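Convention: sequence-line order gives letters A, B, ...; per-chain numbering from 1. Just so it is clear, the values below take in all heavy atoms, side chains as well, and ignore hydrogens, waters and symmetry mates. As the structure is a computational prediction, the values presented were derived from the model and not from experiment.
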Amino acid sequence: MANDDRGGYPEFFSPDRIASRARLLEAGIDPYPYSFCETHSVEAVRADFERLAAEGRELRIAGRIAAIRTMGKSVFADLRQGAARIQLYIRKGGSVPEILIREIAPGDIAGVAGRAFRTRTGEESIEVLELSILCKAAAEIPYGKAKDGRSWYALEDVEIKRSKRYLDWITDPASLERFRKRSEIIALIREYMRKDGFLEVETPTIEPVYGGAEARPFATSIYALGNRKAYLRISPELYLKRYIVGGFPKVFSICQNFRNEGIDSRHNPEFTMMEWYEAYTDYERQMDRFEELTCLLAEKIRGGLSFEYAGGTLSLERPWRRIRVPEVAERLLRKPWDRATKEDIGDALVSAGALRPGDRAAAVARESKGALLMELIEHALAGELFQPCFLMDHPRDISPLTKARRGNPDFVERFEPFIAGMEVGNAYSELTDPVEQFERFKAQRDAQRGTGKDYEDHPLDEDFLHAMACGMPPTGGVGFGVDRIVMILLGAESIRDVIAFPMRRAQE
RNA sequence: GAGGGGGUAGCUCAGGCGGUAGAGCAACGGAUUUUUAAUCCGUAGGUCGGGGGUUCGAGUCCCCUCCCCCUCACCA
């Protein structure tokens, strides 16, 4: 910096650029004009370059200046629109005022009018006849250097890339593309659902009673209602079922869920959930649907069902492997489920190395039999869950919203799709018997009492029970983590690379 | 929550056996009449994450603390 007097401005204001802004204003040039009339995108110019160059018609293009190379009387600049770029050629002493050529800088947003032509070296370029600064950037943009898709000295610090996503997007076309594709994936999901007759609906984000999942909620209060306690949604499930009860047989919702739990490469306190319910179907039908939707997304986004992820090759070829919990349980415990005790599972966990011997007693006391079993199974199968599969027919005691497995009532008709070892979703043949639902809720509460998991006073959602008592058709429902599906489809190994503004510890 | 790695100029990184901070790129000034990771000459830029301690002297050693990344544990 030639000048370190920041005049009380934040340190990210560049004195050089503030001075440049002042010089432009002094010359009567507004560096922050109100509009610019574009005739072409960079992409459009690229796509039709030869014809446009031959016609010599005036093109008007706007974008961000990413680099400037001056060579005597010639100035070359890169104009970027997202991942697309084109070179500008400005001749000093031509129609572009000297002051604009002098003050334009990398990071500024510019509008140009000019003609398409090829330089002596063959580079597709725009000869600039008019130049407007559409925004003088006041901060330095860490562009680094780039050529042929490679870059040098560019912003790489993931801390900055994630906390200042705008800089990440400005400087890294790959990041921009990742988030464009995320949006495309969500659009494809909506398209698939609509085509099959599903209605997109909304549910409350702020709820008097939370439910539909087991998680610590975010608590808040409602001023207008005497500071009544309220919670951010941990799942849309109980409200979506009210739609089903009321007469919408096929509904879905894509929404943020909020869970006040850990933050790591697979968990963000708020994450995007896609959840749907389809009346008159069971979980078998929904397993097909989940496969179908995931494969459709893979075809459209990756161009096929087989692609690299996390150092391995995923194959989404249908049908995916079905892993039945009761069968795995019997194999691991070497005795029938009804004869196995919590202590047996505790022993198995210890001998599998999933639990320290000293923690066994506490775990057995704290967790339900079903929860212990799932811990054991997920540990035992960890190496087998890379290829897409369905873990299905979970223990009844950890699945309070699910119908019993036909012919095996200790288990339920539930499945969790796993891809690349990640649990990406959860689905049921939904429980529809209101009396049993009431009993299950009570049993779940009793089981949680004193385990440290009864986070808040958590009243039963009586209104939900009332809805169910009014009659809910047989229904299959599926919820999946959109962020995780996006991670897999886009090759991201951290959820923070697919959430635009992930939760951070550091505060400004 | 536990273990490991890291935080030095706007960006990418050196230095680290304690002696008072370096490079490249970016920025700024200049040269160069078609360049493209342009090049060349010059200038400026850092309380080495924060606090405390040891020392004549700490980016470098010790303690505390904040933040980031990875692995593990819990949750989608």
Colleague: With a non-hydrogen cut-off below 4.0 angstrom, is A/Ala139 in contact with a base, only sugar-phosphate, or nothing?
Modeller: nothing

Colleague: Give A/Asn268 one of three labels, base, sugar-phosphate or nothing, depending on what nucleic acid heavy atoms sit under 4.0 Å from its own.
Modeller: base

Colleague: For A/Arg115, I'd like to know if atom CZ has over 12 heavy atoms of other residues, nucleotides or ligands within 6.0 Å.
Modeller: no

Colleague: Starting the side chain at C-beta, find the nucleotide from B/C11, B/A76, B/C13 nearest to A/Glu156.
Modeller: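 Output: B/C13.
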
Colleague: Relative to each other, are the rings of A/Phe464 and A/Phe441 parallel, tilted or perpendicular (30° and 60° limits)?
Modeller: tilted

Colleague: Taking atom P in both B/G10 and B/G50, what distance in whole Å separates the two?
Modeller: 13 Å

Colleague: Please pick, from B/A27, B/A76, B/A73, the nucleotide with the shortest atom-to-atom distance to any side-chain atom of A/Pro106.
Modeller: B/A27

Colleague: When the distance from CD1 of A/Ile170 to P of B/A26 is rounded to whole Å, what number comes out?
Modeller: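 My rounded result for the distance is 19 Å.
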
Colleague: Figure out the CG/C1' separation between A/Leu167 and B/A26, and round it to whole Å.
Modeller: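 The answer, rounded to whole Å, is 14 Å.
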
Colleague: Under 3.5 Å for both donor-acceptor distances, Watson-Crick or wobble: does B/U71 have a partner, and if so which one?
Modeller: B/A2

Colleague: Could you run down nucleotides 29-38 of chain B 5' to 3' and tag each one B, S or - for protein heavy-atom contact under 4.0 Å?
Modeller: ---BSBBBBB

Colleague: Identify the nucleotide, in any strand shown, that forms a Watson-Crick or G-U wobble pair with B/C61, with both distances under 3.5 Å; if there is none, say none.
Modeller: B/G53

Colleague: Only counting residues at least two apart or in another chain, list the ones meeting salt bridge (Lys or Arg N to Asp or Glu O under 4.0 Å) with A/Arg178.
Modeller: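 Scan of A/Arg178 (salt bridge (Lys or Arg N to Asp or Glu O under 4.0 Å), adjacent residues dropped) gives none.
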
Colleague: Please report the distance separating the P of B/C25 from the corresponding atom of B/G42, rounded so that it comes out in whole Å.
Modeller: 13 Å

Colleague: A/Glu140 has an atom CD; how far is it from atom P of B/A44, in whole Å?
Modeller: 17 Å

Colleague: Give the rounded distance in Å between these two atoms: NZ of A/Lys164 and C1' of B/C11.
Modeller: 15 Å

Colleague: Tell me which of A/Ser494 and A/Glu375 sits closer to the 5' end of RNA chain B, going by the nucleotide each one is nearest to.
Modeller: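 This one resolves to A/Ser494.
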
Colleague: Can you tell me how far P in B/A26 sits from the matching atom in B/C62, rounded to whole Å?
Modeller: 38 Å

Colleague: Is any side-chain N of the basic residue among A/Glu270 and A/Arg233 closer than 4.0 Å to the acidic one's carboxylate O?
Modeller: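 No salt bridge links A/Glu270 with A/Arg233.
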
Colleague: Could you work out, with side chain to side chain contact (heavy atoms under 4.5 Å, CB included) as the rule, every residue matching A/Glu156, not counting sequence neighbours?
Modeller: none

Colleague: Got a sec, which residues hit salt bridge (Lys or Arg N to Asp or Glu O under 4.0 Å) with A/Glu292, two or more places apart in sequence or on another chain?
Modeller: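 Not a single residue meets the salt bridge (Lys or Arg N to Asp or Glu O under 4.0 Å) criterion with A/Glu292.
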
Colleague: For B/C25, which nucleotide is its Watson-Crick or G-U wobble mate, given both distances must be under 3.5 Å?
Modeller: B/G10

Colleague: Mind calculating the distance between CG (A/Leu376) and P (B/C74) to the nearest angstrom?
Modeller: 12 Å

Colleague: Could you tell me whether the phosphate oxygens of B/G10, OP1 or OP2, come under 4.0 Å of any side-chain nitrogen or oxygen in A/Arg17?
Modeller: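 So the side-chain polar atoms of A/Arg17 never come under 4.0 Å of the phosphate oxygens OP1 or OP2 of B/G10.
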
Colleague: Name the pairing partner of B/U39, where a pair is Watson-Crick or G-U wobble with both distances under 3.5 Å, or state none.
Modeller: B/A31

Colleague: In whole Å, measure the gap between the C1' atoms of B/G7 and B/C48 for me.
Modeller: 10 Å

Colleague: Compare the minimum distances between each of B/C11, B/A73, B/C13 and the side chain of A/Ile160, then state the nucleotide with the smallest one.
Modeller: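 Of the candidates, B/C11 comes closest.
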
Colleague: Can you tell me how far P in B/C64 sits from the matching atom in B/G5, rounded to whole Å?
Modeller: 16 Å

Colleague: Could you pull out all residues at least two apart from A/Lys369 that satisfy salt bridge (Lys or Arg N to Asp or Glu O under 4.0 Å)?
Modeller: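 Result, salt bridge (Lys or Arg N to Asp or Glu O under 4.0 Å) vs A/Lys369: none returned.
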
Colleague: Give the rounded distance in Å between these two atoms: CD1 of A/Ile254 and C1' of B/A76.
Modeller: 16 Å

Colleague: So does A/Arg259 get a side-chain nitrogen or oxygen closer than 4.0 Å to the phosphate oxygens (OP1/OP2) of B/C74?
Modeller: no

Colleague: For B/U8 versus B/G22, give the span between their C1' atoms, rounded off to a whole number of Å.
Modeller: 10 Å

Colleague: Within this structure, what is the CD1-to-P distance between A/Ile419 and B/A76, rounded to whole angstrom?
Modeller: 16 Å

Colleague: If I pick the C1' atom on B/G16 and the same atom on B/A21, what distance separates them, to the nearest angstrom?
Modeller: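 Here B/A21 and B/G16 have their C1' atoms 11 Å from each other.
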
Colleague: Just to verify, which of A/Thr402, A/Asp288, A/Asp393 counts as forming a side chain to side chain donor-acceptor pair (under 3.5 Å) with A/Tyr283?
Modeller: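 Only one option passes, and that is A/Asp393.
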
Colleague: I want to verify a distance call: between B/C69, B/U71, B/A76, whose nearest atom is closest to the A/Arg162 side chain?
Modeller: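 Side chain of A/Arg162 sits closest to B/C69.
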
Colleague: Excluding sequence neighbours, so at least two apart, what forms side chain to side chain contact (heavy atoms under 4.5 Å, CB included) with A/Ile68?
Modeller: A/Ile65, A/Thr70, A/Val75, A/Ala77, A/Ile104, A/Pro106

Colleague: Looking only at atom P, what distance separates B/C17 and B/G59, rounded to whole Å?
Modeller: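 The answer is 14 Å between these two P atoms.
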
Colleague: What is the distance, rounded to the nearest whole Å, between atom CZ of A/Arg504 and atom P of B/C66?
Modeller: 16 Å

